[in-house]
Amino acid sequence: MKLVTWNVNSLKVRLPQVLQWLETNPVDVLCIQETKLTDDKFPQAEIEAAGYHVAFTGQKTYNGVAILSRHAITEVQKNNPLFEDEQQRIIAATIEGMRIVCAYVPNGQALDSEKYPYKLSWLAALREWIESEMGKYPELALLGDYNIAPDDRDVHDPAAWEGMNLVSPPERAAFQALLDLGLSDSFRQFEQPEKTFSWWDYRQLGFRLNKGVRIDHVLLSAPLAKRCTSCVVDRVPRKWEQPSDHAPVIATLD
DNA sequence: ATGGCTTCTTATAGAAGA
């Protein structure tokens, strides 16, 4: 069982790459963020023709999330019922008995931006909701773009990033609060190469110089964490022409 | 460095991303 998260930075632009990637990576579940498409523009037919079920919720220009699955999708939930939000950042569904939650956490922009407290309250509400979902669904996976680098190991240059958005103590505390629910950062269950990241700036040769951060995560509840045999970042599509600035993160379960 | 790149917009310069 392979569960994947990938921020595609516009599904309109990246659909050919997503389909190409799926051809060589026939995964069970792919959670996508930043589709940037209203539902009427979502490429449902193309995705279904590739052999995937799909659930999605989107808006114009920003945000937008989707779950693609080889298996049937039921109990679709759009957005956090505990958090009034015009922004389409969450979609959840039940697949093969697992509760799959696909999340695009707000970026926050900067610590002095009005988007930063929105990010923190959004994360607090996410924690509340995930806690209740875990009560209903022991097998839960929370996949997405968290816009949080949990640890200094997850940042190419921690000194340069100190005091910045994505690494601030309140953001890291919000990430830890999710782990404290009993979720496991599947990536850290295993020995990993140093300086493994999931996002690299388009500018300044960010990818070539590996100036990245690890902000895309697959969190697993205990029954799923026990079955997890690996979690890796696939850097391959980041090398393609006109790539997303994020790479897919793949968790494999027995 | 108010930088650098990419995507989007009832576009054609500015916002947002991270």
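Numbered from 1 within each chain, the chains take letters A, B, ... in sequence-line order.
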Side chain to side chain donor-acceptor pair (under 3.5 Å) between A:Trp21 and A:Asp234, intermediate numbers included:
CA-CA 10 Å; A:Trp21 188 81; A:Asp234 183 3; 2.7 Å; yes

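A salt bridge links A:Asp185 with A:Arg214: at least one charged nitrogen is closer than 4.0 Å to a carboxylate oxygen. Using a 4.0 Å cut-off between a side-chain N of Lys or Arg and a carboxylate O of Asp or Glu, A:Arg188 and A:Asp154 qualify as a salt bridge.
For B:dA13 and B:dA18, the P atoms lie 25 Å apart once the distance is rounded to whole Å. Separation of the P atoms belonging to B:dG3 and B:dG17 is 15 Å when rounded to the nearest angstrom. With both ends at atom C1', the span from B:dT10 to B:dG14 equals 16 Å, rounded to whole Å. Between the P atoms of B:dT2 and B:dT7, the separation comes to 25 Å (whole Å). Nucleotides B:dA1 and B:dT12 have their P atoms positioned 30 Å apart, rounded to a whole Å.
When all heavy atoms of A:Gln242 and A:Arg14 are compared, the pair lying nearest together is O-NH1, 2.7 Å. Of all heavy-atom pairs spanning A:Ser186 and A:Val218, the tightest one is OG-O, 2.7 Å.
In this structure, A:Gln204 and A:Asn147 both approach DNA chain B, and ranking their closest nucleotides by distance from the 5' end singles out A:Gln204.
With a cut-off of 3.5 Å on both pairing distances, B:dA18 has no Watson-Crick or G-U wobble partner at all. Across all strands shown, nothing is found opposite B:dT10 as a Watson-Crick or G-U wobble partner with both distances under 3.5 Å.
The footprint of chain A on DNA chain B, defined by a heavy-atom cutoff below 4.0 Å, extends from B:dG3 to B:dA18.
Using a 4.0 Å heavy-atom distance criterion, A:Arg214 is classed as making no nucleic acid contact. Within the nucleic acid shown, A:Asp216 has no heavy atom closer than 4.0 Å to any nucleic acid atom.
Side-chain atoms of A:Asn210 and A:Trp200 include a donor-acceptor pair closer than 3.5 Å.
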